[in-house]
Amino acid sequence: MEEKDINIEEEITENASEASETNETSETSETSTTSDSSEEETSEQSPLEKAEEEIAQLKDQYLRARAEFENYRKRTIKEKAELILNGGEKTITAILPVLDDFERALADQTEDPEAIKQGMELIYHKFIKTLEGLGVKKIETEEKPFDVDYHEAIAMVPGMGDDKKGMVIDCVQTGYTLNDKVIRHAKVAVGQ
């Protein structure tokens, strides 16, 4: 491009010198013609240069955006894998003190059944409190109407009366929710 610009300038200078040898009117007409043609060549190349520069910028932006997206995708995959592998860390950390209590109870050599029962009750209540802290709650079934979202009917008990119809009579296995999502349905007997 620089060579073309130099050639255009040389042509202008040559044309100007030739025009000075001839009369003034021809000089102005030739100079204006050469300057018009040089402007046309510059204007023809200018949009092309602009387009090439714009293409280069857009290509660079595209490559950068793609690289950023790839980095984001890899990072999120890695974070998900870490969550899967270490997701239970909070739960295990919360339950370990209960395990320690069980180990101490087993290591205890006491023969008093009342003391053993009290120890087990203390560990049980501590375990329930720990689970509640993690968002696990027991599904209440006592004197509740049967609800398919929380209960699983394993038996229908006939002859319980109209006031017990559709009500939970007995809970065979306790159900639990985790942050208001059922993780185990309560297995119940329902009045018919």
Peer 1: Which other residues end up in the same hydrophobic cluster as Met156, if Ile, Leu, Val, Met, Phe, Trp and Tyr are linked when side-chain heavy atoms come under 4.5 Å apart?
Peer 2: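 Listed partners: Phe146, Val148, Val168, Val188, Val190.
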Peer 1: May I ask you to list the residues sharing a hydrophobic cluster with Val182, side-chain cutoff 4.5 Å, ordered by chain and number?
Peer 2: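 For the cluster that includes Val182, the remaining residues are Ile139, Tyr150.
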Peer 1: Who pairs with Glu142 by salt bridge (charged side-chain N to carboxylate O under 4.0 Å, His left out), at least two apart in sequence or on another chain?
Peer 2: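 For Glu142 there are no salt bridge (charged side-chain N to carboxylate O under 4.0 Å, His left out) partners, ignoring immediate neighbours.
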Peer 1: In Å, rounded to the nearest 0.5 Å, how long is the span from CD of Glu143 to CE of Met167?
Peer 2: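 Reported value, rounded in 0.5 Å steps: 7.0 Å.
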Peer 1: What's the separation between atom OG1 in Thr177 and atom CD in Glu140, rounded to the nearest 0.5 Å?
Peer 2: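 Thr177 OG1 to Glu140 CD: 10.0 Å, rounded to 0.5 Å.
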Peer 1: Do any side-chain atoms of residues 78-98 form donor-acceptor pairs under 3.5 angstrom with protein atoms, and if so which ones, sequence neighbours left out?
Peer 2:
residue : atom : partner : partner atom : Å
Thr93   : OG1  : Glu89   : O            : 2.7

Peer 1: Calculate, to the nearest 0.5 Å, the distance between atoms CD1 and CD1 belonging to Ile123 and Ile128 respectively.
Peer 2: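 The CD1 atom of Ile123 sits 13.0 Å away from the CD1 atom of Ile128.
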Peer 1: Under a single-linkage definition using a 4.5 Å side-chain heavy-atom cutoff for Ile, Leu, Val, Met, Phe, Trp and Tyr, are Leu178 and Phe127 assigned to the same hydrophobic cluster?
Peer 2: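 Leu178 clusters together with Phe127.
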Peer 1: For Leu63, check side chain to side chain contact (heavy atoms under 4.5 Å, CB included) against everything at least two apart and list the hits.
Peer 2: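 For Leu63 the side chain to side chain contact (heavy atoms under 4.5 Å, CB included) partners, ignoring immediate neighbours, are Lys59.
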Peer 1: Which pair of non-hydrogen atoms, one from Phe102 and one from Met120, has the smallest distance, and what is that distance?
Peer 2: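 Where Phe102 meets Met120 most closely, the heavy atoms are CE2-SD, 4.0 Å.
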Peer 1: Among residues two or more places apart or on two chains, list those pairs meeting salt bridge (Lys or Arg N to Asp or Glu O under 4.0 Å) that have a residue in residues 112-137.
Peer 2: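 Qualifying pairs: Asp101-Lys126.
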Peer 1: Excluding sequence neighbours, so at least two apart, what forms side-chain hydrogen bond (donor to acceptor under 3.5 Å, both in side chains) with Arg64?
Peer 2: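 For Arg64 the side-chain hydrogen bond (donor to acceptor under 3.5 Å, both in side chains) partners, ignoring immediate neighbours, are Asp60.
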Peer 1: What residues, two or more places apart in sequence or in another chain, satisfy salt bridge (charged side-chain N to carboxylate O under 4.0 Å, His left out) together with Arg73?
Peer 2: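 Scan of Arg73 (salt bridge (charged side-chain N to carboxylate O under 4.0 Å, His left out), adjacent residues dropped) gives Glu70.
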Peer 1: Clusters formed by hydrophobic residues whose side-chain heavy atoms approach within less than 4.5 Å: which one holds Leu106, and what are its other members?
Peer 2: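 None, because no other hydrophobic side chain comes under 4.5 Å of this residue.
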Peer 1: Using the salt bridge (Lys or Arg N to Asp or Glu O under 4.0 Å) rule, collect all pairs that involve residues 170-192, keeping only residues at least two apart or in two chains.
Peer 2: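 Listed by first then second residue: nothing to list.
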Peer 1: I'd like to check the side-chain hydrogen bond (donor to acceptor under 3.5 Å, both in side chains) partners of Tyr62; sequence neighbours left out, ordered by chain and number.
Peer 2: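 Once residues adjacent in sequence are excluded, the partners of Tyr62 under the side-chain hydrogen bond (donor to acceptor under 3.5 Å, both in side chains) criterion are Arg66.
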Peer 1: Clusters formed by hydrophobic residues whose side-chain heavy atoms approach within less than 4.5 Å: which one holds Val172, and what are its other members?
Peer 2: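 Noted: Val172 shares its cluster with Ile154.
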Peer 1: Over all heavy atoms of both residues, which pair between His151 and Pro145 is shortest? Give the atoms and the distance, please.
Peer 2: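 For His151 versus Pro145, the nearest heavy atoms are CE1-O, 3.6 Å.
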Peer 1: Looking at SG of Cys171 and NZ of Lys138, how far apart are the two atoms once the value is rounded to the nearest 0.5 Å?
Peer 2: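 Answer for the SG-NZ pair, Cys171 versus Lys138, is 7.5 Å.
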